[in-house]
Protein chains: 4
Amino acid sequence: MTVTLEALNAMDAAAFAAAVGESFELAPWVAEAAAAKRPFPTVTALHEAMFAAVRTAPREAQLAFVRNHPDLGGKVATADSRREQASAGLDAMPADEFARFHRLNDAYKAKFGFPFIVCVRRHTRESILAQFERRLRNDAAAEFATALQEIFLITRLRLSGAVTGQGMPQVAGRISTHVLDTHAGRPAAGMAVELCELAGEQAHRVAQAITNADGRTDQPLIADRPVPIGRYELRFAVGDHFRSRGIAQAEPPFLDLVPIRFSVAEAEGHYHVPLLCTPWSYSTYRGS
Amino acid sequence: MTVTLEALNAMDAAAFAAAVGESFELAPWVAEAAAAKRPFPTVTALHEAMFAAVRTAPREAQLAFVRNHPDLGGKVATADSRREQASAGLDAMPADEFARFHRLNDAYKAKFGFPFIVCVRRHTRESILAQFERRLRNDAAAEFATALQEIFLITRLRLSGAVTGQGMPQVAGRISTHVLDTHAGRPAAGMAVELCELAGEQAHRVAQAITNADGRTDQPLIADRPVPIGRYELRFAVGDHFRSRGIAQAEPPFLDLVPIRFSVAEAEGHYHVPLLCTPWSYSTYRGS
Amino acid sequence: MTVTLEALNAMDAAAFAAAVGESFELAPWVAEAAAAKRPFPTVTALHEAMFAAVRTAPREAQLAFVRNHPDLGGKVATADSRREQASAGLDAMPADEFARFHRLNDAYKAKFGFPFIVCVRRHTRESILAQFERRLRNDAAAEFATALQEIFLITRLRLSGAVTGQGMPQVAGRISTHVLDTHAGRPAAGMAVELCELAGEQAHRVAQAITNADGRTDQPLIADRPVPIGRYELRFAVGDHFRSRGIAQAEPPFLDLVPIRFSVAEAEGHYHVPLLCTPWSYSTYRGS
Amino acid sequence: MTVTLEALNAMDAAAFAAAVGESFELAPWVAEAAAAKRPFPTVTALHEAMFAAVRTAPREAQLAFVRNHPDLGGKVATADSRREQASAGLDAMPADEFARFHRLNDAYKAKFGFPFIVCVRRHTRESILAQFERRLRNDAAAEFATALQEIFLITRLRLSGAVTGQGMPQVAGRISTHVLDTHAGRPAAGMAVELCELAGEQAHRVAQAITNADGRTDQPLIADRPVPIGRYELRFAVGDHFRSRGIAQAEPPFLDLVPIRFSVAEAEGHYHVPLLCTPWSYSTYRGS
């Protein structure tokens, strides 16, 4: 259920607060403060006005707000939090990893006095753990600022899903590819491609496709949402492609499944990762 | 313990047979036949003369000879066989794989009446299994010829290890690499490189090195022996290299560990697999 | 001055012939024959109907039609011919080349009894000369068929310029480029690019551009017309690009102006020729 | 005629001065000073001792020594100078370039009071002109130091040609190439390669070769001497190579003659410039 910016601008204050208030976890006062600033020309302006209410709130109110966020991997108080944690698989961790989260949460809260907050939809589980360990080393002031910045990202993403209209915040990234067969001098059509997310030594597939006549996939492998920060592997069935073209290859072929391993550092970035290949060589690069 | 070709040429027939007879599994008559053909100008000629004794033997003698070879993964009658089977890890298989070998051996012997023979030092365990299943589909004549050809390869390799002298058979292959940092326009020195052998989803490391000032490893990653036919992955620590050069990279870096997966089809081939890399791109190819 | 297919379908026969007749050099009977076949659903169908009149005409009428075409590089009877010959510079040849055309024309007419016909807008001058010499070696039947095929291409192109409407023939090719700076991992913006047509040892510039933020040129280097068959050189100011980024280079830089030389064989093809570059390396390929 | 270091160390002072004195243009006192420092363990030490005599000479003696050098492109007093100037074609300049050298020489001498000195064997004519114009903008002190440094390079090169023995100075650079056919996955054998030196829009061939079975040229394209600083173009007959392999290509082929243009900045450097190619793509890089 989304609401238009136009409708939000025209609602009475209570209806406005009801419509967008939940983006800010258990903090209805944020929407109340923003209601008075309407109309907003863009969804981005709406979000900035709501977050300004947080930024200019008294320290105690900020702290209470931060403390109201759920533990990562723990029980959650809101539907939004539940969906978000599920997006990174935090609702289904193996026992040892769950225990590790639990220990990190305890250590974090003991040091900072509030729960660890991260915009989980912008991260893989591996990246969340890396953030956790790095941020535990922050001092209190830096970490409080970081927590607020993560809330900025969380609420921007929630609002982008709840409201439509002019000037949407830029919250989506993309992973795409393009395969050129430089043996034939044309796009590699019909090649199977997989995208896997990596965690430790494990890989799990998050997308698969067959290249079209232009050597691209009909849809980007990830689009219309943040690309979780983390490690990925594209896998291209290069051996099958040349076999289907009837090109003589060694047996087994020198190149069969070609893995391209890369990391995403900007969840809102566009990661175009092409492959130029022959049966005996290939190149890849961050493209555009 | 090796012997020189010169010495072999000068020995009496009994000493000659004692010195080289074991290369042909439980078949002293091979060396006896070859003894009379001395002197040999090259070690290759010695091997060809010994194998000619097999090739021209009556069918029943050939069959008896073939039948004297041990089961793969089973108990072995000679020290040579034991070492060879260990080279591909056949002496230390997990239970399920051992059972699979056992079933394949039984099916093979039921169909052909002799044990499955393959020059195991020219194969990974994965490739041996692939050969096993493919050759089970052969007809009897083709398979008998294949078994003799494998014995040719086994004995050539044994003899190469037992005799030194002019005209050694070409039994060694090679895997090597070379890393160019095309961001700096010079060899990538000090980069960690690993070579893994792949089996199913598993990888086990068979060599590791640090590139020298010329971007090469001081020694080839595999040399002076057959390169087991199978699948490999080279892993290059590209992210660490650019970090140590102080080049600004994303966090995590776009490229960190770069895997290059390739197959070896010719155990005596030279597989030179270079990497040209920047923090944002790389190329590889079968070089020379 | 163009006319719509719809209007052509609705005209009386005389007006139709007046509107499209000139596409077929001095052969008003072609349009007359096609007028009776109206209405045409597509411009392609119109052209095919007109050309069918040529193809099914008696041999003497075909020959007369062919003979009515002007000498290449000679005086021309129609405005279309004049413009076309100017497109390949045939109206402004140096004296020695003019003499060479003259000799080839005489030899051709002496052998075949009609003038050399080629769709000049699909060729560079160098390519026209190469065609001339190759086709002089044809036999009479093959060459007559070739002449008709060239008339098919000429008239298709003329009609595409004279008529607008549904189902236009595909007569345009394209040359485009894209520059990636794989040192920085992003598009190379602001790089000067030139496209030169080559003739013997000479190069003359036919397009120039500066790459935009996406590393592309705002417009293709050639588009909306046939790409003349022939040799080309793209020239990229790679040294200036890295100098403007403040990247340390040798003095003079290892790479400065990077030339990519390629040939166009299909005038209606899309030639996408990207460049991936660092200060020390580059790659190019026929892309898509 | 060369002399050994051993012989030089054993000669009387007069013979020593006669043997090596000419390396320092019209300055016999240099060899006389160095004679007393014998024996020298290396040729490099010999040269350094001779040059130390210049470096520690009174300013007037240095200036007289510098002034005794001939005008570039002018008449020369010694056989060494004559050969060196010929190496860069300074003895055979077109009239306009000769006039330009003459004007630059006059301007230079008017400003600095001594002739323009450059180690011509380390430069192309184009690079000499570039040096000339740049150095004219120096102040007197910087330019005097530069002139002495060039004399260091000139005399080191002369001495390297005149004396043999331990510890030769490193005065030679190299240009080499290697062609890989990544369509076939093996070295490109039998490919014609040319190396041209560029000057303005002109190219003149300085080496040519056919690649051997390893895709290399039997000899480097330039070796055993300084590589003149300047611009070069390697030209590879890629189209002919694939035609001879019987690979279907477009007509004309997309790639025919592939030019790689690069500059040499260090006359003693090793410039290895490989080509990886298919009929539709290629890569090059500064290798090692």
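A note on names: the letters A, B, ... follow the listed sequences, proteins ahead of strands, and every chain is numbered from 1. All heavy atoms count here, side chains included; hydrogens, waters and symmetry mates do not.
- Within 6.0 Å of atom CG in Asp139(A), more than 12 heavy atoms from other residues, nucleotides or ligands are found, so the atom counts as buried in its surroundings.
- Annotation: His272(A), atom NE2; neighbour count of heavy atoms from other residues, nucleotides and ligands within 6.0 Å is above 12.
- Proximity to chain A (any heavy atom under 4.5 Å) is shown, for Leu276(B), by neither the backbone nor the side chain.
- When heavy atoms are compared at a cutoff of 4.5 Å, Val273(B) approaches chain A solely by way of its side chain, counted from C-beta outward.
- Residues satisfying the side chain to side chain donor-acceptor pair (under 3.5 Å) test with Glu133(B), not counting sequence neighbours, are Arg100(B).
- The candidate from Thr278(A), Ile260(A), Val264(A) with the greatest count of non-hydrogen atom pairs under 4.5 Å with chain B is Ile260(A).
- The candidate with the highest count of non-hydrogen atom pairs below 4.5 Å against chain A, out of Ser281(B), Ala265(B), Ser263(B), is Ser263(B).
- For Tyr232(B), no part sits under 4.5 Å from any heavy atom of chain A, backbone or side chain.
- The ring pair (Phe, Tyr, Trp, His ring centres under 6.0 Å) contacts involving residues 168-202 of chain B comprise His183(B)-Phe242(B), His183(B)-His183(C), where partners must be two or more places apart or lie in separate chains.
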### Audit row: Glu97(A), Leu129(A), side chain to side chain contact (heavy atoms under 4.5 Å, CB included) steps and yes/no
CA-CA 10 Å; Glu97(A) 206 167 318; Leu129(A) 279 167; 3.9 Å; yes
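- Residues Val179(A) and Cys277(A) are in side-chain contact: their nearest non-hydrogen atoms beyond the backbone lie under 4.5 Å apart.
- Across Gly287(A), Pro259(A), Ala203(A), the residue that shares the most heavy-atom pairs under 4.5 angstrom with chain B is Pro259(A).
- Of the listed residues (Ser127(B), Ala250(B), Ala130(B), Pro252(B)), the one with the most heavy-atom contacts under 4.5 Å to chain A is Pro252(B).
- At a 4.5 Å heavy-atom cutoff, the contact between Pro253(B) and chain A is made by backbone atoms alone.
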